[in-house]
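Below is one structure, written out as C-alpha cells; comments come after it.
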Amino acid sequence: MLWFEGSIPAAIISAKEQSSIFVVVITGDDEVSAQMMSSWEDDGVAEVSHKCCVAIKVDAKSETCSQFSQIYPVVCIPSSFFIGENGIPLEVVAGSVSAEELMKRIDKVKQVKNTDTSPTDTSLGEIKEMERRKMGKEMLDFKRKDEDEKTKRIMDERSREKAEEKAARERVKAQIALDRADRAARYANNQEEVEAARLAALQARQVEAEAKKEIVHRERSAIARIQFRLPDGSFFTRQFSSEARLNEARQFAVNEVGNRYGNFSLATMFPRREFTADDLGKTLLELELAPGASIVLLPQTGRPNNTVVQSGGGIWAVLGTILYPLLAVWRFLSGFLFTSPATPGAAGPRGPAQQPNTNSGSGSSSSSAEPKRETLRKRTLEKQPVDFKRDGKIHRLRNHQDSEDENNTWNGNSTQQM
C-alpha cells in the first residue's frame with residue numbers, strides 16, 4: 001500500500017487535483033488495528049486503491065488525529081474514513097475487516113463517487129444524513145462487538161481461574177489421599193501381625209467350640225430322656241437309648257403304673273401327636289423324641305390296646321388334654337366330699353317298730369345317724385327359695401294372700417319360733 005507521506009491538508013490538495021477519494025486510516029497499538037493494517041497492506045487492496053484513492057495513515061495518539069476528530073468524530077479505533085471532493089464522508093469502516101471486504105467497500109465508494117459527481121443541495125443533505133446514520137450504526141456495531149469481546153475475555157479469564165482453583169483443590173485432595181494411604185500402610189504394617197494372631201486365636205476358639213458342640217450333640221443324640229405324665233398330674237422320668245423302640249418305653253410305663261389306668265395310649269402335647277401301633281416299632285430318634293420329650297398317658301375306654309384315636313385338632317382339644325389331670329382330680333374330690341349318704345328309710349316306708357329308741361341297746365348307732373339327717377334337712381330347707389310355700393311334703397308357689405305366720409312353728413309355751 002502506497003501511503004501519502006505529507007500532512008492532511010497536503011493530502012486533501014493532492015486528492016482534489018487527482019479527483020481521487022481522500023482516505024484517512026486511524027490506527028492504534030492494539031491487535032485489531034494490526035489486523036486492519038494487514039488488510040490495507042494486501043496486494044489486491046493496494047491495486048484497487050492506487051488510482052482512485054489518496055490514503056494517509058494517522059496514529060490515534062497524535063495531534064493530527066485530535067485535529068481530525070474535531071471535524072470528523074472518531075468513535076472507535078481503528079477507523080477508515082472515505083471522504084469525497086466536497087468533504088462529505090462517503091464511507092466509514094469501523095474496526096477491522098478482511099481484505100476482501102475492504103475491496104468491496106472501495107468499489108462501493110467508487111460507484112458512489114461516479115454516480116453522484118454534482119449533487120444538489122437537497123441530495124447533498126440527504127447523503128450527509130445517510131452517511132451520518134450509517135456511520136452511527138457502524139460505530140454502534142463496533143462498540144457492541146468490542147463489548148462482546150471484552151465480555152468474552154472476562155469470561156475466559158474467570159473460567160481459567162476456576163479451572164486453576166479446581167486443579168489446585170484436586171492436587172490438595174490427591175496429596176491428602178496419599179498421606180492417608182501412607183499412614184494406613186504404616187499402621188497396617190504394625191497391625192498385621194497382631195491381626196493375624198487375633199484371627200488365628202479366633203479360629204482356634206471356633207474349632208474348639210465346634211468340636212465341643214459336636215460332642216454334646218452326639219451325646220444328646222445317643223440318649224433320650226423321656227418324661228411320662230400321668231392323668232392324675234404326677235410324672236416319672238426315664239432315660240433310654242435313642243435307638244430304643246417306642247414299645248420299650250411303653251412297656252416301662254406299663255410296669256410302672258400297672259393296671260391303675262387300664263389300657264392307655266401314648267401321646268405328645270407339643271406338637272399334638274398320638275402314637276399308633278405302627279409307631280411302637282420305630283426308634284425314639286425316628287419319632288423325634290431324642291434328646292428329650294414329654295409323653296402323656298391317655299387312658300383308653302372301649303378301644304383295643306396299643307391304638308390311638310387321632311385328635312381332631314383345634315384349641316379345645318389342646319385345652320382338654322392339658323386340663324384332663326385337673327378334671328380327674330376334681331371329679332375324685334367332688335365325689336368324695338359332696339355325695340350325700342344313703343338314709344335308712346330310703347328303701348321303703350318306716351313303721352313304728354323302726355322308730356329310734358333311745359332306751360334300747362341300739363341307741364348309740366341311731367343317735368349317731370340322727371345329727372347327719374338333721375344336718376341334711378337343714379341344708380335342704382336353707383336352699384329352698386322363699387317364693388315357695390310348704391304344706392307337708394308338697395310345695396307350691398306363694399302369692400300375695402299367703403301369710404308369713406303359716407310357716408311359723410310353735411312350742412309348748414305358745415311362743416313363735418322362726
Side-chain angles (χ1 to χ4, degrees), residues 1-119 124 127-128 130-146 149:
M1 181 64 182
L2 181 62
W3 299 98
F4 187 80
E5 298 296 337
S7 62
I8 290 180
I12 293 173
I13 294 172
S14 177
K16 287 183 177 182
E17 290 177 353
Q18 299 176 11
S19 297
S20 301
I21 302 172
F22 179 49
V23 180
V24 180
V25 180
I26 300 175
T27 61
D29 298 332
D30 55 352
E31 184 179 357
V32 180
S33 298
Q35 294 177 357
M36 186 63 182
M37 291 305 300
S38 65
S39 298
W40 277 105
E41 297 294 339
D42 186 75
D43 294 338
V45 174
E47 183 178 357
V48 172
S49 62
H50 176 66
K51 296 180 180 180
C52 64
C53 297
V54 176
I56 186 172
K57 181 172 60 175
V58 179
D59 189 2
K61 298 179 180 180
S62 63
E63 182 66 24
T64 303
C65 180
S66 300
Q67 296 175 357
F68 180 79
S69 62
Q70 292 178 1
I71 301 173
Y72 301 97
V74 179
V75 179
C76 63
I77 297 173
S79 298
S80 299
F81 292 85
F82 294 86
I83 304 173
E85 295 180 358
N86 52 6
I88 299 174
L90 303 178
E91 183 77 18
V92 178
V93 179
S96 175
V97 294
S98 62
E100 292 78 7
E101 181 66 22
L102 186 58
M103 291 171 63
K104 292 179 181 180
R105 296 288 184 94
I106 293 173
D107 291 337
K108 181 180 178 181
V109 171
K110 288 169 62 176
Q111 293 176 2
V112 172
K113 179 177 179 299
N114 294 331
T115 56
D116 194 10
T117 54
S118 57
L124 183 61
I127 292 173
K128 288 184 178 181
M130 291 175 62
E131 292 295 334
R132 185 184 66 80
R133 292 179 181 180
K134 185 177 180 181
M135 185 174 62
K137 182 179 178 181
E138 291 179 353
M139 295 301 177
L140 290 175
D141 293 340
F142 178 77
K143 286 183 177 180
R144 188 180 298 108
K145 183 178 180 181
D146 187 55
E149 290 180 354

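Checked for salt-bridge contact, K143 and D146 miss the test: no charged N lies under 4.0 Å from a carboxylate O. Ion pairing between a basic and an acidic side chain is recognised when a charged N comes within 4.0 Å of a carboxylate O; E101 and R105 show such pairing.
Of all heavy-atom pairs spanning I77 and F142, the tightest one is O-CZ, 3.4 Å. The two atoms that bring S20 and C52 nearest to each other are CB-O, 3.4 Å, heavy atoms only. In terms of heavy-atom proximity, P78 sits nearest to S33 at CD-OG, 3.6 Å. Here the closest heavy-atom approach between residue I56 and residue W3 is recorded as C-CE3, 3.8 Å. Of all non-hydrogen atoms in A11 and V54, the two that sit nearest each other are O-CG1, 4.0 Å. The two atoms that bring M36 and S96 nearest to each other are N-OG, 3.5 Å, heavy atoms only.
With values rounded to the nearest 0.5 angstrom, C65 atom SG is found 8.0 Å from I8 atom CD1. Taking CZ from F4 and CD1 from I12, the interatomic distance works out to 10.0 Å, rounded to the nearest 0.5 Å. Here the CD atom belonging to Q35 is positioned 6.5 Å from the OG atom belonging to S38, to the nearest 0.5 angstrom. Distance check, rounded to the nearest 0.5 Å: CG of D42 to CD of E100 gives 7.0 Å. One distance of note links OG1 of T27 with NZ of K61; it measures 11.0 Å at 0.5 Å rounding. We find the OG-CE distance between S98 and M103 to be 10.0 Å, quoted to the nearest 0.5 Å.
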Taking it one step at a time, do D141 and R144 satisfy salt bridge (Lys or Arg N to Asp or Glu O under 4.0 Å)? CA-CA 5 Å; D141 293 340; R144 188 180 298 108; 3.1 Å; yes
Between F82 and K110, is the side chain to side chain contact (heavy atoms under 4.5 Å, CB included) condition met? List the steps. CA-CA 10 Å; F82 294 86; K110 288 169 62 176; over 6 Å; no
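Side-chain contact between V24 and Y72: absent, with no pair of heavy atoms (C-beta onward) separated by less than 4.5 Å.
Taking the six-membered ring where tryptophan is involved, the planes of F81 and F68 are perpendicular, since the angle between them exceeds 60° and thus also 30°.
Using a distance-only test at 3.5 Å, with no hydrogens or angles considered, no donor-acceptor pair links the side chain of T64 to the main chain of V58. For the pair S14 (side chain) and A10 (backbone), a donor-acceptor distance under 3.5 Å is absent.
Counting heavy-atom neighbours within 6.0 Å of E47 CD, excluding the residue itself, gives a total of 12 or less.
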